[in-house]
Amino acid sequence: MAGDINLQTERPVRAATSPVVETASGRVVGVTSGGVHVFKGIPYGASTAGANRFMPPRKPEPWTGVREATLYAGRSPQAPAAAQRPELATVWGAVDTLPVGEDCLTLHVWTPALDASKRPVMVWLHGGAFSYGSANSPRYDSTNLALRNDVVVVAVNHRLNVFGHLDLSQIGGDRFAQSGNVGILDLVAALAWVREHATRFGGDPGNVTIFGQSGGGGKVSALLAMPGAKGLFHKAIIQSGASVRFAERERTMRLADAVLKHLGLGADRLDALQTLPLERLQEAVAPAQATLPRPRYPLLDRYNFGPVIDGNVLPSQPFDPAAPSVSDDVPMLIGDTKDESAIFLAPDDAVWNRTITEDELRKRIAAVAGDATDALLTYYKRRDQATSPSDRLITALTASNFGVRTVLLAERKAARAKAPVWTYRFDWETPAFGGRLKAPHSVEVPFVFDTLHVIGEAHRTPRAQALADRVSKTWATFARNGDPANETIPTWPPYAVERRATMLLDDECRVVDDPDGQVRPLWSKVAAG
């Protein structure tokens, strides 16, 4: 399999019949693996180092001859990932350990054939809170997704954290006017590359679906609100990453000032920012973020070094107070996992060992829910009478973080009544670690890509594979038709406020109306401040 190679040292064996494609910058050669043509590390933009740092992406430098596209490349400089329990390090399979660098505007392509079939194109945007991650994880290997569903899959690397979202516009003037959003401008450049090259890889430039999980779902949310991305994609899937709001200028200006202060640079020395070592810039991230006040809407304002509402690249909040009209014609599939917060609470020994008390549960919920605490505690106690306070904490914090944003985004998209929305909840619980993680954040990813073979042994079961078959087919069917309906799942009505139909994805898939509808208005009220 293409994703099974050692990312650091092994070069796949290339045969005389290896696939070659002519791109606008030069020819690339890939490999054929598992019945799929795979091209890795294709540049869609120039290096972002030096004078290109904090600048909008530029076209890649052309090359002569045939460029090898057989190894992963393009890992952006990384912020540290969220801390986890050591025993969870490999629960989702191997991680990308390739060297980081600013020559990171690359993408990977999986295609069943280089013909004129015009297959649907699915463009994957990786997670990592706009701060870390890459498209190079074996979990994202798209061999099975492409082959079994006859689609072309593209996975994108781009600038992250301070390199993609340092808003110097108010300090550096016109030259740095777009610096706070260059990370998402990279995505627009990648989609423009897809439009130009889709037919060369057997895909249809008129049928492109963007999909992403966690921070990748936030990237999809941003692109849905960007006039510059209009027409570059036609359908959207948001997995556990609905973003209703992004940072506004007042906040991003304070953040940029704090970065400069930490580095000892004045506004007249912005050129020095473009020559600083990567490590020096990254060292400024944590102390700069520590200077920021609590966000105005704590449940909705998600990122510090992330997209910026600048009036231009992002003219207004993507889904607040309403969905953006610029993507009225884009059908959407959106959802979460049942127990998102379990993975984030895993480092807490009291939660991991299920020893949280009722009093501690109340304190933690009150810190988020305020006046709604009593009503919420009563509901979850009645709903889950046999569960521990620790499990109820996971449920409540999942609703306060992911659930409320997904509901608000789906409601506001549906209210436009221009294109349909389908909502899901991934309920399948991993048996890993005795079931402590339940259905946590990112558990659905290897089901979408049909890559259960590269993650923990506990997931490699016939029942898990049966669900992966259904989920990957459903995602690809939506990409093909703008409707997820297929023979492997029950009838799934679009989301509407009258019913709020939601597909529960598990060993037995079923549709329920308005899950947890009794507390949905409470969480929406809390989110609104």
Side-chain angles (χ1 to χ4, degrees), residues 209-213 217 220-221 224 234-244 319 322-323 327-340 379-380 383-384 395 398-429 439 443-444 447-448 466-525 527:
T209 297
I210 54 173
F211 69 129
Q213 185 266 345
V220 174
S221 303
L224 285 163
H234 313 93
K235 305 172 187 73
I237 303 174
I238 298 175
Q239 301 170 214
S240 304
S243 287
V244 176
F319 287 88
S327 54
D328 269 345
D329 59 340
V330 177
M332 180 187 298
L333 179 65
I334 183 171
D336 305 307
T337 70
K338 179 171 65 68
D339 307 293
E340 300 273 5
Y379 171 79
Y380 290 121
R383 196 198 80 166
D384 302 320
T395 298
T398 294
S400 73
N401 188 346
F402 296 89
V404 68
R405 288 185 280 104
T406 291
V407 166
L408 289 174
L409 194 152
E411 283 181 347
R412 292 168 181 177
K413 174 69 172 175
R416 299 284 303 172
K418 302 292 185 179
V421 185
W422 284 268
T423 63
Y424 73 88
R425 192 179 74 195
F426 194 87
D427 280 16
W428 188 87
E429 297 190 5
V443 69
E444 88 288 1
F447 290 81
V448 170
L467 181 57
D469 293 342
R470 288 194 293 275
V471 170
S472 61
K473 183 177 181 63
T474 298
W475 262 233
T477 300
F478 176 79
R480 175 169 280 104
N481 304 323
D483 185 328
N486 68 88
E487 70 278 8
T488 71
I489 58 172
T491 301
W492 185 359
Y495 187 90
V497 294
E498 295 80 14
R499 181 176 172 185
R500 302 178 190 275
T502 303
M503 177 68 76
L504 306 188
L505 297 167
D506 204 344
D507 291 332
E508 296 294 330
C509 299
R510 60 192 177 95
V511 172
V512 301
D513 292 344
D514 199 11
D516 289 322
Q518 289 177 263
V519 291
R520 172 182 41 74
L522 283 175
W523 283 121
S524 296
K525 184 178 179 180

Practice task
Take Arg425 and Val512 through the test side-chain contact (heavy atoms from CB on, under 4.5 Å) and record every step on the way to the result.
Solution key: CA-CA 10 Å; Arg425 192 179 74 195; Val512 301; 6.0 Å; no
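- Atom CG of Asn481 is separated from atom OG1 of Thr209 by 10.0 Å, given to the nearest 0.5 angstrom.
- Of all the heavy atoms in Ser221 and Ile238, the pair that sits closest is OG-CD1, 3.6 Å.
- Open room surrounds CZ on Arg510; 12 or fewer heavy atoms of other groups in view lie less than 6.0 Å from it.
- Residues Glu444 and Trp475 bring no donor and acceptor atom of their side chains to less than 3.5 Å of each other.
- What you find for Cys509 and Met503 is that their closest heavy atoms are CB-SD, 4.0 Å.
- Taking the charged nitrogens against the carboxylate oxygens, Asp427 and Lys338 have no contact shorter than 4.0 Å, which rules out a salt bridge.
- Checked against the 6.0 Å centroid criterion, the rings of Phe447 and Phe426 qualify as a close aromatic pair.
- Residue Phe319 comes nearest to Leu224 through the heavy atom pair CZ-CD1, 4.0 Å, listed as atom of the first residue, atom of the second, then distance.
- Checking side-chain atoms of Thr337 against main-chain N and O of Ala439 turns up a donor-acceptor pair under 3.5 Å.
- The side-chain heavy atoms of Arg500 and Arg520, taken from C-beta on, include a pair separated by under 4.5 Å.
- Atom CD1 in Ile334 sits 15.5 Å away from atom CZ in Phe211 (nearest 0.5 Å).
- Between Asp328 and Lys413, the shortest heavy-atom distance links the atoms O-NZ, 3.8 Å.
- Remark: the backbone N or O of Asn401 is paired with a side-chain donor or acceptor of Arg405 at under 3.5 angstrom.
- Asp329 is linked by a salt bridge (charged side-chain N to carboxylate O under 4.0 Å, His left out) to Lys230, counting only residues two or more places apart in sequence or in another chain.
- Between Thr474 and Thr488, some side-chain heavy-atom pair lies under the 4.5 Å cut-off.
- Taking both residues in full, the closest heavy atoms of Asp336 and Gly403 are given as OD2-CA, 3.7 Å, listed atom of the first, atom of the second, then distance.
- Every pair passing salt bridge (Lys or Arg N to Asp or Glu O under 4.0 Å) that includes a residue from residues 470-486 is listed here, sequence neighbours excluded: Lys473-Glu487.
- The CZ atom of Phe402 sits 12.5 Å away from atom CD of Gln239, with the distance rounded to the nearest 0.5 Å.
- Considering all non-hydrogen atoms of both residues, Val220 and Ala236 come closest at CG1-CB, 3.8 Å.
- For the pair Trp422 (side chain) and Trp492 (backbone), a donor-acceptor distance under 3.5 Å is present.
- By the 4.5 Å heavy-atom criterion applied to side chains, Arg499 and Val511 are counted as neighbours.
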Exercise for the section: Show your reasoning for whether side-chain contact (heavy atoms from CB on, under 4.5 Å) applies to Leu408 and Trp523. Expected result: CA-CA 10 Å; Leu408 289 174; Trp523 283 121; over 6 Å; no
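- Looking only at distances, a side-chain donor or acceptor of Thr423 sits under 3.5 Å from a matching main-chain atom of Ala501.
- Gln213 places none of its side-chain heavy atoms less than 4.5 Å from the side chain of Val448.
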Exercise for the section: For side-chain contact (heavy atoms from CB on, under 4.5 Å), just list the numbers for Val519 and Tyr380, CA-CA rounded to whole Å, side-chain angles, deciding distance to a tenth of an Å, and then say yes or no. Expected result: CA-CA 9 Å; Val519 291; Tyr380 290 121; 3.8 Å; yes
